[in-house]
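Keep in mind the model is a prediction, meaning the values are calculated, not measured. In what follows, chains carry the letters A, B, and so on, assigned in the order in which the sequence lines appear, proteins first and then strands, with residues in each chain numbered from 1.
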Amino acid sequence: MTGYPDDLPFFGDEDNFVPAAPAPRQGGIAARAMAARNAAPRYLDGLNQEQRQAVETTEGPVLVLAGAGTGKTRVLTTRIAHILATGRAYPSQILAVTFTNKAAREMKVRIGVLVGEAVEGMPWLGTFHSIGVKILRRHAELVGLSSTFSILDTDDQIRLLKQLIQAEGLDDKRWPARQMAGLIDGWKNKGLAPAEIPEGDARAFGNGKGRLLYQAYQDRLKTLNATDFGDLLMLPIRIFREHPDVLREYHSKFRYILVDEYQDTNTAQYMWLRLLAQRRQADDGSRMPVNICCVGDDDQSIYGWRGAEVDNILRFEKDFPGATVIRLERNYRSTAHILGAASHLIAHNEGRLGKTLFTERSDPDDARVKVHAAWDSDEEARAIGEEVEALQSKSHALNDMAILVRASFQMRAFEDRFVTLGLNYRVIGGPRFYERQEIRDALAYFRVVAQGADDLALERIINVPKRGLGEAALRLMHDTARARGTTLLQAARDLIGTEEMKPKPRAALRNLVESFERWQGLIDRTPHTELAELILEESGYVDMWKNDRTPEAPGRLENLKELITNMESYESLRAFLEHVSLVMDAEQNDEQDAISLMTLHSAKGLEFDTVFLPGWEEGLFPHQRALDEGGRTGLEEERRLAYVGVTRAKKNLHIWFTSNRRIHGLWQSTIPSRFLDELPESHVEVVEAGGAYGGYGHSGYPGRPNPYGASRFDDASPAFSNTYSTPGWQRAQKNRNEATSRNWGSRSGHQVERIGYGETDSGYGAGRGSVKGKTIDGELVAKSVATEPSRFKVGDRVFHLKFGNGNIASIEGNKLTIDFDKAGQKRVLDGFVEPV
DNA sequence: AGGAGGATTTTTTTT
DNA sequence: AAATCCTCCT
């Protein structure tokens, strides 16, 4: 064990923000003594030459280009251990940023192993966001917040924006809050304040009110004493820029900066880093080295859609002149076949820094990458389930296997299958614990108690459980709060003393307000788990679910219990709330043996002996939307995602595609992914259908009954043809086809050869265009309905799929009132009926 | 105010 | 197909 030097003072107190203690001087007696004691530091054992260089080049800017499976995390953790062990810095003087909480956790554990307990003293190891909060809490008043500010989740954010959009007199259908949230997020990722956003962006939303809404949103956040996720990056940047003295504090504090997954940093994160790293002068006027070390792999940049700029990594040497660039190209993870497949695939991308991964493994027994075909997603899940069971019986641990999907909806088929098989599985990053309705409600109660100004939280639970405080009551509270410039809770308090409300809601409101006051009074006197239980009981929230007869109710009560249990490991309600807002994931127990199921995105950084990659079909992977919105860049990002997937596998890799997949409830035939063609034949083996997986599920052939429910491969049923011969749908079809051919026309050579691929016209039309088509359909159909005079006139006889035949009684625009023979009078949209 | 049932939309990936 | 949203009815 290479111990952390005992004689170094421990520096763990995060709140003790003193100017940095001087680091032990290099070459000083103490340092030399330590070096002697650690003559051959064991942590360097087993590193190859490049890795060792990356660990030992502690001074100056360093860029480590680390390909998949080349020991990147090991280098990072060892480097930190090295800095600590050689006495170059105290734990609190190292800033280490990761992207995910998972990665931060793992690094903590691994440094702990290398260095011993000193890792507890690394207060600045975390994600960009968690470190951002820490900085922001310290200096909140500099940006007009108080240090108890709350962090909004996406739900709150959207509700807030919706209010603002409506307040501007805009139609929130035409201008969805979700979209506005996306825009704001994008701007914040670029570090742009409302005044700085491009004019074009500002005009694009809400009849040119984009900028105004953004500003209104920020103002509102300030009065709520709240931030959103983007602010956790933006606001520290603003503080650094506007308060050089604060920035200087951090300059002298952080002696070493390390950044993981540098290829995924967005512009705001980049600015944040540069502000911290690009100091010019030390306090005594001498030039200080910028000890920043960024580790990344341009081939694994998969967060472009979130604003990540691969450019940051390509530009590193310009930003930090004199940087040492170290390449890690020796792969320790995968077989030569898997590595060969991955390299060949990623070589189809342009604009790479270019690395050549190699391995010294060569075992003739290594399996090639296997490509399998299935009829549909059910067969795919069934066959993979079988393969998993077969491996299991050959004593492979489920823990060593993973299924990596492109989109989370794909997970369901596997979950269903594994439940039937009784196979343990673990969903990683799936539907998150803290995003469940009951958990969010409970948290909203806690937020109001802990942060009385949290209007959004109060709004969320004001009528949950039902207390007769509906829209009218809420509107009154809002108006009062706005008129007096107070919080919603204060407005409620004021209102119960007046006659403005009807007696019934007023009593309910009084009851609630008094409860909150009582709970708030208990916050410092009662253990927080106890208080939490008390709140959920007294508010009637628990009873609400106890009385709920839906099948989910018991599960929800379970979740609430688990929530309370989770809270025990935090010291206060506030600490817990902070954790939750940053880490939306509850920790999972990886004790028992289970196969992992997750998206490709959340698989980055992990590895498994056996990996299954289902759903390699055009439109799904590469995803149609990535293609439509990102063009060539989008395609390349998808390819990098495929590369990430392939390189997760150590020994066995199975890739699957199906001929049919259900998209939005409709079966579509699909074309195998172009990425399959980009795999090198020498490393791939195509597993013939038939054999073990042959006879399944080809139930759609005409003449055979389909045991799996309706399928469009059966001859179209009357109901089916009815639905799809409505004029609205036909118009949609026509538009879709036009849109599709436009797409094809504008595409470049690469796709042309694909056309011949899918011989079935349904594969081409339905599979490809459908996603895009739908979006376009929506608009075109809506427009034509709105502007054209109705195709019908009063008295027409029409047919409706659900209600049968009837006569049109009256027409308003595209809405028809129809007297149905059987169903009586109904109002129905024009597109849903057809003339008889 | 609240519920029922019909209409509409949804799914890419995440801190 | 399922979840959410909306409208109308009680």
Side-chain angles (χ1 to χ4, degrees), chain A residues 97-104 126-133 151 153-154 162 172-173 176 178 182 185 188-189 228-233 261 264-266 268-269 302-308 404-412 428-430 432 435 437 463 466-474 502 504-505 508 581-585 598-604 615 619-630 634 637-638 640-641 644-645 661-667 709-710 770-771 774-775 777-778 781-782 800-803 814-815 823 825-832:
Chain A
V97 219
T98 62
F99 255 79
T100 61
N101 297 294
K102 202 167 61 187
T127 62
F128 276 102
H129 295 268
S130 66
I131 291 171
V133 182
I151 303 164
D153 63 25
T154 331
K162 197 163 178 177
D172 65 321
K173 288 262 95 142
R178 188 169 290 283
D185 206 44
K188 289 188 174 174
N189 282 338
D228 65 12
F229 254 83
D231 284 341
L232 302 182
L233 295 173
E261 308 282 13
D264 287 333
T265 49
N266 62 37
Q269 288 160 334
I302 53 175
Y303 285 105
W305 54 274
R306 210 175 74 191
L404 313 180
V405 297
R406 175 62 181 85
S408 37
F409 77 87
Q410 291 173 262
M411 290 187 194
R412 243 192 78 177
I428 296 181
R432 306 187 176 193
E435 278 174 14
Q437 183 191 341
N463 205 25
K466 302 260 184 291
R467 313 186 162 87
L469 295 170
E471 237 177 277
L474 187 58
K502 296 212 178 82
K504 231 193 202 164
S581 50
L582 288 175
V583 185
M584 295 299 283
D585 251 332
M598 68 189 101
T599 64
L600 286 161
H601 282 88
S602 38
K604 191 158 71 155
L620 179 58
F621 194 33
H623 199 280
Q624 189 61 45
R625 227 166 125 171
L627 262 31
D628 289 344
E629 286 166 17
E637 182 154 314
E638 294 287 291
R640 290 193 293 268
L641 199 51
V644 167
R661 195 170 284 279
R662 190 158 45 191
I663 298 169
H664 303 293
L666 262 191
W667 283 101
S770 62
V771 179
K774 245 198 163 158
T775 328
D777 291 350
V781 173
H800 184 277
L801 195 59
K802 263 202 191 115
F803 304 130
N814 58 346
K815 286 183 185 141
Q825 195 179 66
K826 298 273 179 198
R827 290 188 76 196
V828 164
L829 276 185
D830 158 293
F832 284 81

### Task
State which of B/dT14, B/dT13, C/dA1 makes the closest approach to the side chain of A/Ala407.
B/dT13
Distances for protein N/O vs nucleotides 1-4 of chain B N/O pairs under 3.5 angstrom?
from  : atom 1 : to       : atom 2 : distance (Å)
B/dA1 : OP2    : A/Glu471 : N      : 2.8
B/dA1 : OP2    : A/Ala472 : N      : 3.1
B/dG2 : OP2    : A/Asn463 : ND2    : 3.0

### Query
At under 4.0 Å between heavy atoms, what does A/Ser130 touch on the DNA or RNA strands: base, sugar-phosphate, or nothing?
nothing
## Note on the structure
From CE of A/Met411 across to P of C/dA2 the rounded distance in Å is 19 Å
### Message
Categorize A/Phe128 for me: base, sugar-phosphate, or nothing, with a 4.0 angstrom heavy-atom threshold over every strand shown.
### Response
nothing
### Query
In whole angstrom, what separates A/Phe409's CZ from C/dA1's P?
15 Å
### Summary
Regarding the side chain of A/Arg306, the nearest nucleotide among B/dT15, C/dA2, B/dT13 is B/dT15
### Interatomic distance where CD1 belongs to A/Ile663 and C1' belongs to B/dT11 [whole Å]
10 Å
### Query
When rounded to the nearest Å, what value does the distance between P atoms of C/dC6 and B/dT11 take?
15 Å
### Task
Provide, to the nearest angstrom, the distance between the CZ atom belonging to A/Arg625 and the P atom belonging to B/dT10.
9 Å
#### Entry: OP1 or OP2 of B/dT13 under 4.0 Å from side-chain N/O of A/Ser408
yes
### Interatomic distance, A/Asp264 atom CG to A/Gln269 atom CD [nearest 0.5 angstrom]
8.5 Å
### Task
Give me the ring orientation class for A/His601 and A/Tyr303: parallel if the planes are under 30° apart, tilted from 30 to 60°, perpendicular past 60°.
tilted
### Summary
CZ (A/Arg640) and CG (A/Leu600) are apart, to the nearest 0.5 Å, by 13.5 Å
### Query
In whole angstroms, how far is the C1' atom of B/dT14 from the CG atom of A/Leu641?
13 Å
### Task
Nearest 0.5 Å please: distance from the CG atom of A/Leu641 over to the NE2 atom of A/His623.
11.0 Å
### Message
Using a 4.0 Å heavy-atom cut-off, does A/Tyr303 contact any base of the nucleic acid, only the sugar-phosphate backbone, or nothing at all?
### Response
sugar-phosphate
### Query
Would a distance-only check, ignoring hydrogens and angles, find a side-chain to backbone donor-acceptor pair under 3.5 Å from A/Glu637 to A/Ala626?
no
### Message
Distance check needed: B/dT11 C1' versus A/Leu666 CG, whole Å only.
### Response
14 Å
#### Entry: Sidechain-backbone polar pair: A/Asn101 side chain, A/Thr127 backbone, donor-acceptor under 3.5 Å
no
### Message
I need the CD-C1' distance between A/Gln624 and B/dT10, as an integer number of Å.
### Response
16 Å
### Query
Starting at the 5' end of DNA chain B and moving along, which residue's nearest nucleotide shows up first, A/His129 or A/Glu638?
A/Glu638
### Query
If you round to the nearest 0.5 Å, how far is CD of A/Gln410 from CG of A/Leu404?
10.5 Å
## Note on the structure
A/Asp264 CG to B/dT13 C1', in whole Å, measures 12 Å
